[in-house]
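Structure, as structure tokens:
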Amino acid sequence: MRLLVTRRLPPANMAFAAERFDTVFRDGDRGLTPEEAGAALREYDAILPTLGDRFAASAFDGGPFRCRILANFGVGVNHIDVAAAKAAGLVVANTPGAVTDATADIAMALILMTARRLGEGERMLRAGRWTGWEPTQMLGTHVTGLTVGIVGMGRIGQAVARRCHFGFGMEVAYFNRSPKAVEVPARQVGSLDELMRLADVVVVAVPGGAETRGLIGVAELAAMRPTGFLVNVARGDVVVEDALVAALEAGRIAGAGLDVYAREPEVPARLRALENVVLLPHLGTATLRVREAMGRMALDNLVAFAEGRAVPNPV
Ligand SMILES: NC(=O)c1ccc[n+]([C@@H]2O[C@H](COP(=O)([O-])OP(=O)(O)OC[C@H]3O[C@@H](n4cnc5c(N)ncnc54)[C@H](O)[C@@H]3O)[C@@H](O)[C@H]2O)c1
Ligand SMILES: O=C(O)[C@H](O)COP(=O)(O)O
């Protein structure tokens with residue numbers, strides 16, 4: 001099976017791919033354009049793509065293709081037009097679960113960083129402006145007892161809920177598009193608007209893509225408390241970035257912690273200029289152990305497919 005790996009993976013994953021398949025490792029850090037994706041579909045039997053490789057509908061124009069499977073590195077497949085891929089006869093697979101704890105940890109980091117003003121404090125210290133401990137210096141928001149409102153109570157949402165409830169003594173409420181029974185003590189609310197109104201901290205954990213684009217817009221941000229924080233570890237375009245910047249600039253919400261952006265790696269200058277935001281460069285799963293686990297899952301999907309078995313994680 002001739003395999004294209006679109007980006008540099010952890011060495012253990014590259015070694016496995018090289019040993020098991022006739023693998024071509026693409027150079028460079030830039031994702032495939034739709035044109036390059038279309039060309040790859042003609043040239044390879046299998047592709048291991050990831051975030052930023054744009055398998056848009058146009059990439060699937062003019063089949064049939066040599067490629068039969070896209071084994072994505074990552075759970076999020078909003079960069080792949082899955083319906084178009086399936087219509088072209090391809091299997092699409094992903095890596096759920098491997099990413100969950102690491103991404104939930106980053107959500108917790110963002111909650112603490114925003115509520116307790118950690119980025120701001122570190123910038124002050126590094127700039128040599130710290131004058132010593134003061135009873136009223138850099139007072140943030142105490143998170144114990146606050147209500148976290150989780151938008152999208154899937155694997156990551158529930159991992160955030162566990163951390164908030166058991167680790168930080170927070171109340172948990174959530175909005176999910178379908179009823180969801182969860183093990184953590186938590187209250188499911190009937191509408192997104194209700195969740196935005198009651199939460200002290202809103203954590204966004206829905207999948208990206210057409211169905212959730214702009215889910216958190218002007219009205220949802222306006223529904224938030226002026227003391228509220230928004231944390232997004234999902235995908236950038238779930239939140240209307242301009243509306244978020246306007247809400248932060250006007251002080252209509254207290255702050256935001258972001259791991260993802262609408263047009264990565266571009267981060268609006270207006271957002272970067274704000275003190276009350278924490279901006280991470282999409283670090284959700286960025287540990288070697290987690291990236292290796294993601295790679296193993298993607299490669300397991302390919303091995304199963306090559307052996308004629310059902311792929312363990314079809315999308
Ligand atoms: N920041 C990062 O580095 C990072 C890392 C991993 C995953 N992610 C993102 O997180 C997403 C979630 O991952 P997961 O494994 O928890 O997925 P999941 O499928 O387990 O959970 C998503 C949940 O969202 C719900 N949902 C979907 N659409 C909704 C809507 N419109 N309104 C309310 N709820 C809705 C689903 O019912 C589901 O419960 C991924 O798709 C990916 O884009 C980001
Ligand atoms: O941080 C990540 O690893 C990226 O978001 C890709 O992984 P995901 O598709 O699982 O989010």
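Just so it is clear, the model here is predicted, and its values are computed rather than measured. First listed ligand is number 1; within each ligand, the first listed atom is number 1.
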- Task: Apply side-chain hydrogen bond (donor to acceptor under 3.5 Å, both in side chains) to R163 and list each qualifying residue two or more places apart in sequence or on a separate chain.
- Result: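 In terms of side-chain hydrogen bond (donor to acceptor under 3.5 Å, both in side chains), with neighbours along the sequence ignored, R163 is linked to D101, D105.
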- Does at least one non-hydrogen atom of V75 fall below 4.0 angstrom from an atom of ligand 1?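 The answer is yes, since V75 has a heavy atom less than 4.0 Å from ligand 1.
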- Do any heavy atoms of T100 fall under 4.0 Å from ligand 1?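 It does not; every heavy atom stays at 4.0 Å or beyond.
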- Which one holds for R177 and ligand 1: side chain close, backbone close, both close, or neither close, with close meaning a heavy atom under 4.0 Å?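 Both parts.
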- Using a 4.0 Å heavy-atom cut-off, say whether N176 meets ligand 1 through its side chain, its backbone, both or neither.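 It is both parts that get close, each with some atom under 4.0 Å.
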- Salt bridge between R177 and E211, side-chain N to carboxylate O under 4.0 Å?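 Yes, charged N to carboxylate O under 4.0 Å.
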Please list, in number order, the atoms of ligand 1 under 4.0 Å from a heavy atom of [X].
{"X": "V206", "value": "11 (C), 24 (O), 26 (N), 29 (C), 33 (C), 34 (N), 35 (C)"}
{"X": "G76", "value": "41 (O), 42 (C), 43 (O)"}
{"X": "T285", "value": "3 (O), 5 (C)"}
{"X": "A234", "value": "9 (C), 43 (O), 44 (C)"}
{"X": "F175", "value": "32 (N), 33 (C)"}
{"X": "V99", "value": "6 (C)"}
{"X": "H282", "value": "1 (N), 2 (C), 3 (O)"}

- Pair T285, R291: side-chain N/O donor-acceptor within cut-off below 3.5 Å: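 Yes - a donor-acceptor pair under 3.5 Å links their side chains.
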- Item | Pair S178, N176: side-chain N/O donor-acceptor within cut-off below 3.5 Å |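 Side chains of S178 and N176: pair found under 3.5 Å.
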Evaluate [X] for polar contact with ligand 1, using N/O atom pairs at a separation under 3.5 Å.
{"X": "V233", "result": "yes"}
{"X": "K180", "result": "yes"}
{"X": "A205", "result": "no"}
{"X": "T103", "result": "no"}
{"X": "R155", "result": "yes"}

- Message: Considering G209, P207, G152, P96 one by one, which has a heavy atom nearer to atom 22 (C) of ligand 1 than any of the others?
- Response: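 Closest candidate by heavy-atom distance is P207.
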- Which one of T212, N94, D259 has a non-hydrogen atom at the shortest distance from atom 31 (N) of ligand 1?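 The residue whose heavy atom sits nearest atom 31 (N) of ligand 1 is T212.
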Any chance you could measure [X], atom [atom1], to [Y], atom [atom2], to the nearest 0.5 Å?
{"X": "C67", "Y": "M1", "atom1": "SG", "atom2": "CE", "result": "8.5 Å"}
{"X": "R235", "Y": "R213", "atom1": "CZ", "atom2": "CZ", "result": "12.0 Å"}
{"X": "T95", "Y": "M294", "atom1": "OG1", "atom2": "CE", "result": "4.5 Å"}

- Query: What's the shortest heavy-atom distance between C164 and I111, and which atoms?
  - Reply: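 Closest heavy-atom pair between C164 and I111: SG-CD1, 4.0 Å.
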- Message: If I compare all heavy atoms of L302 with all of A46, which pair ends up nearest, and what's the gap?
- Response: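 So the two residues come closest at CD2-CB, 3.8 Å.
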- Test side chain to side chain contact (heavy atoms under 4.5 Å, CB included) applied to V245 - qualifying residues, sequence neighbours left out: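 For V245 the side chain to side chain contact (heavy atoms under 4.5 Å, CB included) partners, ignoring immediate neighbours, are E249, R270, L271.
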- Query: What's the verdict on salt bridge (Lys or Arg N to Asp or Glu O under 4.0 Å) for D45 and R68, showing C-alpha distance, side-chain angles and the deciding distance?
  - Reply: CA-CA 6 Å; D45 300 303; R68 318 285 345 137; over 6 Å; no
